[in-house]
Amino acid sequence: MTIDEKLKPEAIEEVVIRFAGDSGDGMQLTGNRFTDASAIFGNDLATLPDFPAEIRAPAGTIAGVSSFQVQISSYETLTPGDRPGVLVAMNPAALKANVGELIPGGTLIVNEDTFEERNLEKAGYVGNPLDGDALAAYRVIRIPMTSMTLEATKESGVKPRDAQRAKNLFALGLVSWMYTRPVEPTVDWIKKKFAGQEKVLAANVAAFRAGFNFGETAELFDHPYAIAPARLEPGLYRNISGNVATAYGLVAAAQCAKLPLFYASYPITPASDILHELSSLKNFGVRTIQAEDEIAAVGAVVGAAFAGQLAVTATSGPGIDLMAETLGLAVSTELPMLIIDVQRGGPSTGLPTKTEQSDLMLVMYGRHGEAPMPIVAAKSPSHCFEATIEAARIALKYRTPVFLLTDGFLANGAEPWLLPDVAALPDISVPFATEPNHGDEFWPFLRDPETLARPWAIPGTEGLEHRIGGLEKQDGSGNINYEPENHALMTKLRADKIAGIAKDIPLVEIDDPDAADLLVLSWGSTWGVAQQAVRQARGRGLSVAHAHLVHVNPFPSNLGEVVARYPRCLIPEMNMGQLSRLVRAEYLVDAQTISKVQGIPFRSAEIEDAIVAILEGREIS
Amino acid sequence: MTIDEKLKPEAIEEVVIRFAGDSGDGMQLTGNRFTDASAIFGNDLATLPDFPAEIRAPAGTIAGVSSFQVQISSYETLTPGDRPGVLVAMNPAALKANVGELIPGGTLIVNEDTFEERNLEKAGYVGNPLDGDALAAYRVIRIPMTSMTLEATKESGVKPRDAQRAKNLFALGLVSWMYTRPVEPTVDWIKKKFAGQEKVLAANVAAFRAGFNFGETAELFDHPYAIAPARLEPGLYRNISGNVATAYGLVAAAQCAKLPLFYASYPITPASDILHELSSLKNFGVRTIQAEDEIAAVGAVVGAAFAGQLAVTATSGPGIDLMAETLGLAVSTELPMLIIDVQRGGPSTGLPTKTEQSDLMLVMYGRHGEAPMPIVAAKSPSHCFEATIEAARIALKYRTPVFLLTDGFLANGAEPWLLPDVAALPDISVPFATEPNHGDEFWPFLRDPETLARPWAIPGTEGLEHRIGGLEKQDGSGNINYEPENHALMTKLRADKIAGIAKDIPLVEIDDPDAADLLVLSWGSTWGVAQQAVRQARGRGLSVAHAHLVHVNPFPSNLGEVVARYPRCLIPEMNMGQLSRLVRAEYLVDAQTISKVQGIPFRSAEIEDAIVAILEGREIS
Amino acid sequence: MTEPVTLTRKDYQTDQEVRWCPGCGDYSILTAVQLLFVELGLATRNQVFVSGIGCAARFPYYMETYGIHSIHGRAPAVATGVAVARPDLDVWVVTGDGDSLSIGGNHLIHALRRNVNLKILMFNNQIYGLTKGQFSPTSETGKVTKSSPFGSLDTPFNPISLTLGAESSFVARTHDMDRAHMMDTIRRAYKHKGSAFVEVYQNCNVFNDGAFEAITAKASRADMLIDLKHNEPIRFGADQQYGVVLNAFGECEIVEVADVGVEKLIVHDETRSDPSLAFALSRLASGPTMPTPIGVFRSVVRPTYEDEVSMQLAVATETRGPGDLAKLLSSGGTWTVE
Amino acid sequence: MTEPVTLTRKDYQTDQEVRWCPGCGDYSILTAVQLLFVELGLATRNQVFVSGIGCAARFPYYMETYGIHSIHGRAPAVATGVAVARPDLDVWVVTGDGDSLSIGGNHLIHALRRNVNLKILMFNNQIYGLTKGQFSPTSETGKVTKSSPFGSLDTPFNPISLTLGAESSFVARTHDMDRAHMMDTIRRAYKHKGSAFVEVYQNCNVFNDGAFEAITAKASRADMLIDLKHNEPIRFGADQQYGVVLNAFGECEIVEVADVGVEKLIVHDETRSDPSLAFALSRLASGPTMPTPIGVFRSVVRPTYEDEVSMQLAVATETRGPGDLAKLLSSGGTWTVE
Ligand SMILES: Cc1ncc(C[n+]2csc(CCOP(=O)(O)OP(=O)(O)O)c2C)c(N)n1
Ligand SMILES: Cc1ncc(C[n+]2csc(CCOP(=O)(O)OP(=O)(O)O)c2C)c(N)n1
Ligand code: SF4
Ligand code: SF4
Ligand SMILES: [Mg+2]
Ligand SMILES: [Mg+2]
């Protein structure tokens, strides 16, 4: 085979690659860079980062393994892929923790240098798995990446410690060659990243190029692969993660609402990046407060909402717990605000860096008394943008706190995003009250007959001075009132207001090409994988319908009719069946749950199997 | 009519009396004393106190009205009565606020002295309602109670301010005469109460006797009424409120568990009295802490549970909100403890002194992640005792935090209680772990195969040193573990443990004498009124079944079969249908709600009407 | 803070009945605040009262301004939101000893260290009023209440010491029996730019009657209240016969002026950037039964939190130009699909 | 506290991997505590470590004792429960600056005022470590972090001032670079009967490297650390050339001993019942970049909360006799139905 032949790439449709190494090995960086390069190249893609709860769990141990999976393809990518076809393992622990997921026949690239006694022992290996035939099912490619990196970076003059740290760039270079990613954008990116640290910069460029060249020259690979740009809707794209999309969504929502954005939050994984992102956008007029805790954050949000801003906080499960009491106040005072729950694995501290959808019941019911709140759930990383604006729209229009649910997978996962036309974003602004509404008095609880929203009169407005609070209020006047009938009425009005939002949200759409018997109903981040599973099932000749909920409370008004239409309904959830319970209680249909509570997203095959099982009349577990 | 004839009482079966006056008028005291006298006399009874959220809302206003309703009867009393037959109104505001509830033809006793301009105005009356025929539907008895009290207490030498404050005792005396309550026990009680304040004591005794004598001598009444002692189960009785029964239940549970009682709490209406009661029982070895807030209270409870005590806290809705995060920790660490929610009107501060059952969904679902907890609900004031011991039993046996639900009505309401035989209380003690359970290691999460409870190894035990926390734990060893399958397993084990309690609780009993089509399913404090309504419906010749849930999570194992057996199911709830949603989701039956969210208990007629409506095929609202 | 307006006390009163017990000290504080507002000519529309839960916390309902009766302990957090969002408003916090120091202690100390421009009036009645009489974090040790029938065990907080330890830029104390002193003190708090913490000794005549009588009763005031005055030697007594000196450990001690001479007395300086003197003064009385300093302990100027927040926005907008949403969205690498 | 036992450091170590970053200051604190335990001969079964969430809060997993890794900020509350239920145990709290002073500030100050017998070790790295580097309540104003790219605005707490303001009976400071000093200070905390608050300056080499270098580096220590010693004049410097005096406002100032004479120096007294001196000392340095006192600021004896709780039970049982349940149930009026 000549070099030329070798250079002719084989065209493929998609690949799933997982980079795995020690927390200190820079796997997230490597994966993200590979992703960006692929995105800019025009592939569709989806990513799945996975990292330990510790900052740097002990080097070389299973606990310390950090990984990043990406699927890139030349068609619409719905998931980061069930299992990797290529696994890059930077040390034995990374191998041990990940090889079980690699598809049989898949490519396993290992950093041979790390397979020495101490590391093997830390990973819990007896003997070297590279010897013997434990890995016979895979195409194993052993590369002494550390030594080759040290060699390649010699000239840079960098310290050995920094030199060997560049080995992730070697791996990136190699994989970039394998999948014919252009070199220069990544070199530019390295230059930007290490600007000012000349030697380190040189070392990283050298390592990257060495990896790339190694692919080209070594006899290990027959040829590279080419994955053509995806046939996506035309337009300008960028790669975006859920947390960044959420932060941008907030800035956009504030502009659409013609209000300043106020964001108070207390750091917590995986929500902190929203705070980080917004803190840097001060020239957008964004006020950010790092509060002393989540109660203070949501308290400040209540104050800022009263004061007339688009007030927002984000947190994860433990923070939502703490906000419960204040959210009851927000429900009672009927102030507009947005509460974002970036869900993670619970209960308690649980699996703080992993994903889960197990806060649905909490956000639905987690306040004392009858305290209903609307819930909007984002379905993909880029959809966080749109979902954020929609949640803000509801909050403002109905003067109510609204939950936006995302999760760890959406927050850190990324995908290409067709940039919206900023000018075409919806106007979600609402007027402030400016004058008395009841004779020459101002009644803060005199409602709009249509939306049942109360007027929003902000301090500084002459003549509309008023007091609100958590005690029951008289309908209309808003004065403290403990009368039985008034309480019943106000409770009903609050409930009706939220229920009435159903008239103002899109009907749920059904994807059902051939009058199926089974409906797969998804919500939140299971959207992509549910759709993928449905496609796969159809590929097997099965007929399955799919519907997805963005609005979880209230439900779209046609949902009852939709679920009633299908004899069977399957709900995949990363919890023990929370949406199922809501659907069952509401519509008395025997919705079944396929549940995955493992801190990781579904594989499409898992849902596909459940579809098959149900259609074959078997029990699903 | 001679005095003798006049003295011959007419025998009646029951009466519902409501005392109403200003917050400062001592209506709670009056009502409670009348209740105690009736209880000791041997009547069955139930009470319904109702007071404003303010300490002393402005004198004379509607907001300041405080009332106390009691039903006494010569048969089993299930409720404090739908509407009073006798209303004692100490001022115009009390009249205005309460007269609407008085049954037509009922007796209205007013303190005539207070019906002067200022008070009428404060109550919002134009003109004196005692003049004209606005009250023509009632038997109005106008008595100048204030002046008669002043007159009667002259000799006591008390200050006029104290003298007129004794007018509630005048009213008590009058009503005591009307219903032939014995005089001496109340005189003794007055003596005890005012011991050391000689003049005040004398004034109160004089006022009481004056009222009694007034009844006897005035021409206003034909004769008194006699209500024979109720034919209750034989034994020793006392009158008890729900909060006191709960406090005693805790002391008893600790003795039954052979553990010291640890109680940490933050004051909140209507739960504070449990703290007050327990604080005085130090010779029972009860440790009480008034914490800085509810989070601290439940935090201390977690610590005390770890340390090996029967650890308990009580609060109301706002406090439960705040405890959510810590309860997740308790679920995750699987420590036994009891959380008591004395429910009140929500959302937010809501109606803090009124009753409601609207925290059911909160206690069921109000924690992030999958964090199931058992729920026990008391059904009557005295049942709080038994329910408390049962909740403690479950907590200890299954090593889990357990919710006990009561509410404002149970907490402050009272009824006669057949005292249990202390020696016959159940043994609910569980052993502490004393030695390694896995070779020579101690595994804190190695479960009992039967109950799935983990061992309880308390500090101080040699060789069982171990650490627990909120991060996910490896099955068995309890070491921190983030592996997907382990998380799924632990989530399932935690869920199975709670679900498995269903095997260990009584089946739900059905009261269905004649194979009804309609099941009335109640929980918590609606027990009495639901049963009363069912009796009334049966009295109309309707056939209705009744079942009541003390265990709300998990449900008794036969509940599914029971609800399936009845074509129709009606659930009366002081919320918007929370138990209904649980039942619907679990069993897919079309349970219907009759909902009352007014801060006051159902009237039996309201439920009866709903029963009739359903059986006649009408919609209930 | 806008142009002064001319209003009467009635203009600051709402149409809601005041629902405190007859005789409660809260009434006189309400009056003092309303009269001060008249004096200062504050426009009702720019005043926001934020409270938590408790008897004290009902205050906003009685002021014809904007107001939030929030939840127990959280008023400083809610008020921080109002103040940061709208530095143009005057934001007041009214709170009780339980609301601010028990459940709400953390928000209080954080608001103070950040120097959010809040005027915090803490009505200290050394009891939980609204829940009918349990001991509070300022109740004296050994207090017998419903929840402590054998006497409470907790050492109370000294609110002045605690807030000084929390970096508060303004700390003062006054009491409900002296309207003029209340108005003076609250006026000073209002004029202070930054967090101002004012402890108001307040009588709860129902559950803790007479808690402050030993020092606030007209007859004893002269000998029991030490009215701090900036730049003046600290002395008190009917004939100014007593004074306060520092000992070798930096502790305050009461002396007879005649014994030591005026020049030995501490000259009060509210403006010391070091809060040590204010702290030492706060330790002079361990409870309201011995000679107790009132007035302004500390008043130092440092930037307010909300001004700094606004400043950062202004500087960022100045240096980077106003945010351009389209540009933001397309940051971080884009490509075009044809 | 039982008979001392003879154990080795290994006996206090668990089989769990220590999951801090290489180079983290937490390691040296762990070592100091384990070595101190060896020295004191503490039986593992009677020791309970309670922590919140954060890097510091992982501590219990590495101590072969009883332990609870609780939730963020709540460790003092949980530990209070352990201590009150079981006064026979030694209860330790390990917490970070965020855990204890941000979300957990309220529980901390309440535990301190109550004098619950907890040994509280607060690892102050002036940053949120576990959440990857946001500013904390002890970070210096202007700090640039992920959540404050333009510099933080908050005035930090001074943990020593704050805890003194909260009536803490024992307050001390040490740092992770000096094992002997850590052991001395923590030993003192252990021997103190009552709440003991120890601030440990701790380097987070990943997110806030070198925060304390100016004062803890071997080379600068002599001139930058003022090691407080009870009953001794407060002086420091390589040649003990510097000293601390009080000025007319009760504030501490640094002087050259040669200039003023040794007799003018403050003689440190930890045991003053008035915390003013300790407070003044806490203000000497406004951050770890100037001469900073370490060691024990305050150590006074007052009854512990749990002892008082137990005492009330004992007295009640003594005076009323042990509780009789049947009698209790039948209190308050009974009648018999035949
Ligand atoms: C979360 C929560 N816990 C408890 C309560 C009950 N509660 C209301 S006010 C109060 C304390 C009031 O004391 P303080 O703040 O001193 O005010 P005061 O009534 O004395 O003016 C308490 C415990 C509540 N409303 N919310
Ligand atoms: C309720 C809640 N909010 C937020 C978090 C996220 N969180 C975990 S640790 C931490 C702060 C850690 O800082 P510090 O206490 O200083 O400890 P360090 O990691 O620096 O040792 C935060 C904000 C959480 N676990 N729980
Ligand atoms: S209870 Fe006390 S503080 Fe509350 S209103 Fe009455 S007197 Fe005032
Ligand atoms: S992040 Fe900082 S504090 Fe946390 S383990 Fe790493 S070095 Fe230590
Ligand atoms: Mg108070
Ligand atoms: Mg820290």
Structural part of [X] lying under 4.5 Å from a heavy atom of chain B:
X        : result
D/Ser51  : neither
D/Arg74  : side chain
D/Arg113 : neither
D/Gln16  : side chain
D/Val309 : side chain
D/Phe49  : neither
D/Ala79  : neither

Within a strict 4.5 Å, meaning less than it, do heavy atoms of the [X] and [Y] side chains meet?
X        : Y        : answer
B/Arg287 : D/Ser310 : yes
D/Leu325 : B/Leu425 : yes
B/Phe385 : D/Leu329 : yes
B/Pro229 : D/Val337 : no
B/Lys282 : D/Thr319 : no

With rounding to the nearest 0.5 Å, note down the distance linking [atom1] in [X] to [atom2] in [Y].
X        : Y        : atom1 : atom2 : result
D/Leu313 : B/Thr288 : CG    : OG1   : 8.0 Å
D/Ile71  : B/Ile295 : CD1   : CD1   : 8.0 Å
B/Glu465 : D/Asn46  : CD    : CG    : 9.0 Å
D/Ile109 : B/Glu292 : CD1   : CD    : 8.5 Å
D/Thr334 : B/Tyr237 : OG1   : OH    : 12.5 Å
D/Ile68  : B/His466 : CD1   : NE2   : 8.5 Å

Need one label for [X]: side chain, backbone, both or neither, based on atoms under 4.5 Å from any heavy atom in chain D.
X        : value
B/Pro260 : neither
B/Val286 : backbone
B/Ala252 : both
B/Ser280 : backbone
B/Pro185 : neither
B/Asp293 : side chain
B/Leu419 : side chain
B/Gln255 : side chain
B/Ala39  : both
B/Glu325 : both
B/Ile289 : both

Heavy-atom closest pair, residues [X] and [Y]:
X        : Y        : value
D/Leu328 : B/Phe284 : CB-CZ, 3.7 Å
B/Pro459 : D/Val48  : CB-CG2, 3.8 Å
D/Ser330 : B/Leu236 : CB-CD2, 4.4 Å

* Structure fact -> side-chain contact (heavy atoms from CB on, under 4.5 Å) filter on B/Thr461, not counting sequence neighbours, yields B/Ile458, B/Leu464, D/Tyr66

* To do: Mind ranking D/Thr336, D/Val78, D/Val82, D/Val91 by heavy-atom pairs under 4.5 Å with chain B and telling me who comes out on top?
  => D/Val78

* To do: Go through D/Gln47, D/Arg320, D/His107, D/Arg19 and name the one with the most non-hydrogen pairs under 4.5 angstrom from chain B.
  => D/His107

* Which residues in residues 28-39 of chain D have any heavy atom lying under 4.5 Å from a heavy atom of chain B? -> none

* To do: Give a yes or no on whether a salt bridge exists between B/Arg467 and D/Glu64, defined as a side-chain N under 4.0 angstrom from a carboxylate O.
  => yes

* To do: Please assess B/Phe306 against D/Val50 for the test side chain to side chain contact (heavy atoms under 4.5 Å, CB included), listing each intermediate value before the final yes or no.
  => CA-CA 11 Å; B/Phe306 182 71; D/Val50 182; over 6 Å; no

